[in-house]
Number of protein chains: 2
Amino acid sequence: MLEKARRRATIIDVGRHAGVSAKTVSRVLNGEPHVSPAVQQRVRDAAASLHYHPNMLARALVRQRSMLLGLVYENPSASYVVELQRGMLTRLADTPYRLVVFPIASIIERSGEVAGLLRSAGLDGVVLAPPAADDLRILNDLASAGIACARIGPSRAIELAPSNIVDDITAAREIATHVIELGHRTIGIIKGHASHAASEARTMGYSQAFYAAGLPMRLDLVEQGDFTRESGHAAAERLLARAEAPTAILAQNDDMAVGALLAARERGLTVPDDLTLVGFDDSEISRICWPPLTTVRQPVFEMAREATDMVIAQLEDRPPLLRHDHPHDLLIRASTAAPPRS
Amino acid sequence: MLEKARRRATIIDVGRHAGVSAKTVSRVLNGEPHVSPAVQQRVRDAAASLHYHPNMLARALVRQRSMLLGLVYENPSASYVVELQRGMLTRLADTPYRLVVFPIASIIERSGEVAGLLRSAGLDGVVLAPPAADDLRILNDLASAGIACARIGPSRAIELAPSNIVDDITAAREIATHVIELGHRTIGIIKGHASHAASEARTMGYSQAFYAAGLPMRLDLVEQGDFTRESGHAAAERLLARAEAPTAILAQNDDMAVGALLAARERGLTVPDDLTLVGFDDSEISRICWPPLTTVRQPVFEMAREATDMVIAQLEDRPPLLRHDHPHDLLIRASTAAPPRS
DNA sequence: GTGAAAGCGCTAACAA
DNA sequence: TTGTTAGCGCTTTCAC
């Protein structure tokens with residue numbers, strides 16, 4: 001059978017056991033100086049024999065520090081979320097901070113509640129992923145609640161809070177240029193959710209590439225998605241059902257591109273022979289699916305790690321980096337080719 | 001500019017503002033009876049005008065409840081982890097509980113530390129995914145620390161703590177039987193990490209299927225993996241390099257099967273024409289890769305949701321379900337076919 | 001219906 | 001080098 005839960009030993013119990021005051025125990029446990037080695041040892045022994053573990057809740061109350069950091073995100077792409085978490089957890093390893101996750105269904109609609117939610121959770125700091133990273137209301141509420149924050153991929157008001165940025169416009173222009181240079185002229189676009197500012201930025205990048213190549217921006221070939229695979233599937237179906245179907249599709253993230261890939265497959269189209277397809281993000285599935293997707297690598301992991309560092313810096317009263325520009329990479333893989341000559 | 005952080009209003013401030021005592025404020029905020037409607041309204045108004053938010057840390061200390069639930073897992077497969085989190089978060093929506101994630105590098109080696117880690121994090125409860133779910137040491141430490149827990153996919157000591165179970169042996173037998181019935185006789189196996197009890201169980205299921213079909217259990221065709229795609233890739237390479245290469249490979253999860261798929265492709269083999277391949281778990285990539293994998297669906301999402309419910313039941317002093325058996329499904333997709341006639 | 005006092009387990013400030 | 005006192009912000013007695 002399992003042992004019974006017994007009353008938890010407190011710092012006072014340990015002190016009594018070691019024949020010292022509670023404060024001395026506290027000093028030893030927190031590695032403060034000015035405690036004789038002999039007493040230190042007595043305290044440690046007493047703590048061990050009583051199975052003492054500090055009560056984080058009490059410590060948190062008096063120190064005004066919960067050691068809890070939040071991650072706020074909307075829930076579109078599993079691989080994106082995993083990368084965010086990995087980045088934060090990597091920075092948090094061997095620190096006393098813990099990661100609390102806050103997937104918010106619709107951040108824009110609920111932006112008024114979000115800060116209250118984070119505040120009542122007693123967080124010390126948060127990392128804001130899109131689209132929360134662009135929500136000024138949340139930023140403001142966080143500041144007035146005294147919660148440290150850092151942002152990933154904001155597009156607006158960069159100077160307002162520490163930001164990790166990648167140049168979405170340039171990245172989108174580069175991937176669109178690659179497709180145009182392969183010879184495509186009828187090019188469909190699957191946009192991400194409108195509440196993400198990155199969606200606008202990427203569309204602008206595409207349009208710059210079209211303009212530079214002397215191609216018109218065909219608004220009739222722009223379909224709205226929401227960053228989910230399902231939405232990419234549906235959008236691709238609409239595009240491919242056109243009388244004048246595109247020979248290439250630019251999807252604004254990899255999940256939607258994979259959805260488009262499945263849609264193409266269902267119509268008997270082979271990628272890239274019949275249809276060129278590109279994504280965005282270099283998420284794991286872009287490498288796993290077949291063919292692997294031409295995409296743009298966003299250093300999500302590094303941005304999350306860096307954002308976490310920015311938050312911790314604030315909590316430790318070090319001046320945080322206010323802005324970190326991250327590089328992107330155009331990754332040309334097997335999903336792009338010249339258009340079929342029909 | 002952002003607003004300045006101002007001192008947080010306390011229950012006493014609200015009381016003063018409303019002309020009542022702190023206790024009355026507490027009563028109103030916690031919905032306790034015996035407060036006149038007029039006073040209730042005054043208190044609510046005062047709280048709103050002072051932007052009062054309860055301090056969870058103080059409440060946690062006095063109530064001995066942090067409202068924090070942990071999820072403990074090792075980090076093999078991203079899609080698996082995401083499903084676990086989704087399941088927990090679904091149950092946690094509209095409750096005051098928060099989710100704290102604990103990816104532990106090597107649970108078996110660090111089993112002694114894990115409970116201490118969870119205890120010092122001040123968790124009220126935890127959901128244990130494999131292989132922590134099978135670690136008696138952790139279970140025991142958790143019980144003696146008075147932390148509620150529930151398990152996902154344990155193979156041992158089922159009665160020791162609330163468990164969510166799928167019948168790995170039967171599931172593995174079914175998928176192996178499917179492969180055998182297609183006509184395969186030389187069948188390779190890629191095992192998962194030995195620390196996961198599910199790995200043993202699945203191997204047993206395979207062996208039952210072999211026995212029932214009158215086939216020998218070929219230990220020379222069993223390769224060790226660790227549930228990662230890379231390990232599946234390496235194991236498949238070893239299998240396919242044999243003089244007598246298998247015509248089918250049973251991988252113990254989908255990630256390893258995808259690794260094997262890539263290995264086969266590199267050797268110029270087509271799945272399923274040249275090689276039949278099956279996975280386990282029905283994780284997202286099993287549907288996205290090409291060909292989609294024949295696999296066994298494990299209701300990871302439902303198990304996580306149910307496990308969370310078991311934990312909450314304990315915290316609310318309701319008797320938790322002690323055991324929940326979940327169904328599995330054999331999903332026959334395009335990665336399995338009759339062996340090539342050579 | 002409402003309030004005063006005590007205390008959750010810990011640490012900061014000050015004494016000794 | 002060590003101990004004492006006073007809280008952190010809230011909830012729990014138990015009075016009124």
Side-chain angles (χ1 to χ4, degrees), chain A residues 6-44 46-47 50-68 96 119-124 145-146 317, chain B residues 5-44 46-47 50-68 96 119-124 145-146:
Chain A
R6 51 184 177 291
R7 195 182 76 77
R8 238 173 114 161
T10 75
I11 207 172
I12 298 183
D13 300 324
V14 176
R16 195 157 28 219
H17 206 84
V20 297
S21 75
K23 177 63 214 183
T24 298
V25 176
S26 169
R27 271 196 267 265
V28 173
L29 265 27
N30 289 297
E32 288 172 35
H34 311 309
V35 184
S36 74
V39 171
Q40 285 200 30
Q41 196 52 51
R42 283 220 313 281
V43 169
R44 283 189 208 295
L50 293 174
H51 301 285
Y52 171 80
H53 283 261
N55 182 329
M56 292 314 277
L57 273 36
R59 181 178 283 176
L61 177 60
V62 65
R63 290 216 267 229
Q64 307 280 43
R65 275 283 142 83
S66 65
M67 308 314 276
L68 258 25
R119 190 201 302 245
S120 19
L123 300 181
D124 290 342
D317 290 317
Chain B
R6 52 183 175 289
R7 196 181 76 77
R8 236 173 116 163
T10 74
I11 207 172
I12 297 183
D13 300 325
V14 176
R16 195 156 27 215
H17 206 84
V20 297
S21 74
K23 175 62 214 179
T24 299
V25 177
S26 169
R27 272 196 267 263
V28 174
L29 266 27
N30 291 296
E32 289 171 36
H34 309 308
V35 184
S36 73
V39 170
Q40 286 199 28
Q41 196 51 52
R42 283 220 312 281
V43 169
R44 285 190 206 295
L50 293 174
H51 300 286
Y52 172 80
H53 284 260
N55 182 328
M56 292 315 277
L57 274 36
R59 181 177 282 174
L61 178 61
V62 64
R63 290 218 268 232
Q64 306 279 44
R65 275 283 144 81
S66 64
M67 308 313 275
L68 258 25
R119 189 200 302 244
S120 19
L123 301 181
D124 290 343

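Atoms considered below: every heavy atom in the structure, side chains included; atoms not considered: hydrogens, waters and symmetry mates.
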message = Could you tell me the boundaries of the chain A footprint on DNA chain D, defined by atoms under 4.0 Å from its heavy atoms?
response =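 For DNA chain D, the relevant span reads dT1(D) to dG9(D).
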Report the residues that fulfil side chain to side chain donor-acceptor pair (under 3.5 Å) with [X], sequence neighbours left out, ordered by chain and then residue number.
X	value
R65(B)	none
S21(B)	T24(B)
N55(B)	none
Q41(A)	D45(A)

task = With sequence neighbours left out, write down each residue that passes side chain to side chain contact (heavy atoms under 4.5 Å, CB included) with N30(B), or none if nothing qualifies.
result =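 So N30(B) forms a side chain to side chain contact (heavy atoms under 4.5 Å, CB included) with S26(B), E32(B), R59(B), R63(B).
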inquiry  = Which residues pass the side chain to side chain contact (heavy atoms under 4.5 Å, CB included) test with A18(A), not counting sequence neighbours?
reply    =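 A18(A) satisfies side chain to side chain contact (heavy atoms under 4.5 Å, CB included) with V20(A), R42(A), V43(A), A46(A) only.
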inquiry  = I need the L57(B) CG to S66(A) OG distance, nearest 0.5 Å.
reply    =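 If we round to the nearest 0.5 Å, L57(B):CG and S66(A):OG are 5.5 Å apart.
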key: Whole-Å distance separating the CZ atom of R119(B) from the P atom of dG9(C)   =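 After rounding, the gap between these two atoms is 14 Å.
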Grab the N/O contacts between the protein and nucleotides 11-15 of chain C below 3.5 Å, and write none if there aren't any.
from	atom 1	to	atom 2	distance (Å)
dT11(C)	OP1	N30(A)	ND2	3.0
dT11(C)	OP1	R59(A)	NE	2.9
dT11(C)	OP1	R59(A)	NH2	3.3
dT11(C)	OP2	S26(A)	OG	2.8
dA12(C)	N7	K23(A)	NZ	3.4

key: Heavy-atom closest pair, residues R119(B) and R8(A)   =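 So the minimum-distance heavy-atom pair works out to O-NH2, 4.3 Å.
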query = Between R27(B) and V35(B), what is the shortest heavy-atom contact and its length?
reply =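 Residues R27(B) and V35(B), closest heavy atoms: CB-CG2, 3.9 Å.
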inquiry  = Quick check: do Y52(A) and V25(A) have side-chain heavy atoms less than 4.5 Å from each other?
reply    =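 Not in contact.
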task = Kindly say if Q64(B) contacts the phosphate of dG9(C), meaning a side-chain N or O under 4.0 Å from OP1 or OP2.
result =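 Answer yes for this pair, as a side-chain N or O of Q64(B) is under 4.0 Å from OP1 or OP2.
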message = Can you tell me if T10(A) touches the phosphate of dG9(C), counting only side-chain N or O atoms and a distance under 4.0 Å to OP1 or OP2?
response =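 For dG9(C), OP1/OP2 do not have a side-chain N/O of T10(A) under 4.0 Å.
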inquiry  = If you assign G19(B) and A58(B) each to the DNA chain C nucleotide with the nearest heavy atom, which residue ends up on the more 5' nucleotide?
reply    =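 Result of the comparison: G19(B).
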query = For P54(A), which contact category applies under a 4.0 Å heavy-atom criterion: base, sugar-phosphate, or nothing?
reply =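 Touches sugar-phosphate only.
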message = Tell me which pairs pass salt bridge (charged side-chain N to carboxylate O under 4.0 Å, His left out) where either residue lies in residues 14-26 of chain A, with sequence neighbours left out.
response =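 Of all non-adjacent pairs touching residues 14-26 of chain A, those that pass salt bridge (charged side-chain N to carboxylate O under 4.0 Å, His left out) are D13(A)-R16(A).
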ask   = Given axes from five pairs at either end, by how many degrees does the helix from dG1(C)-dC16(D) to dA16(C)-dT1(D) bend, rounded to 10°?
value =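 Roughly 40° between the end axes, to the nearest 10°.
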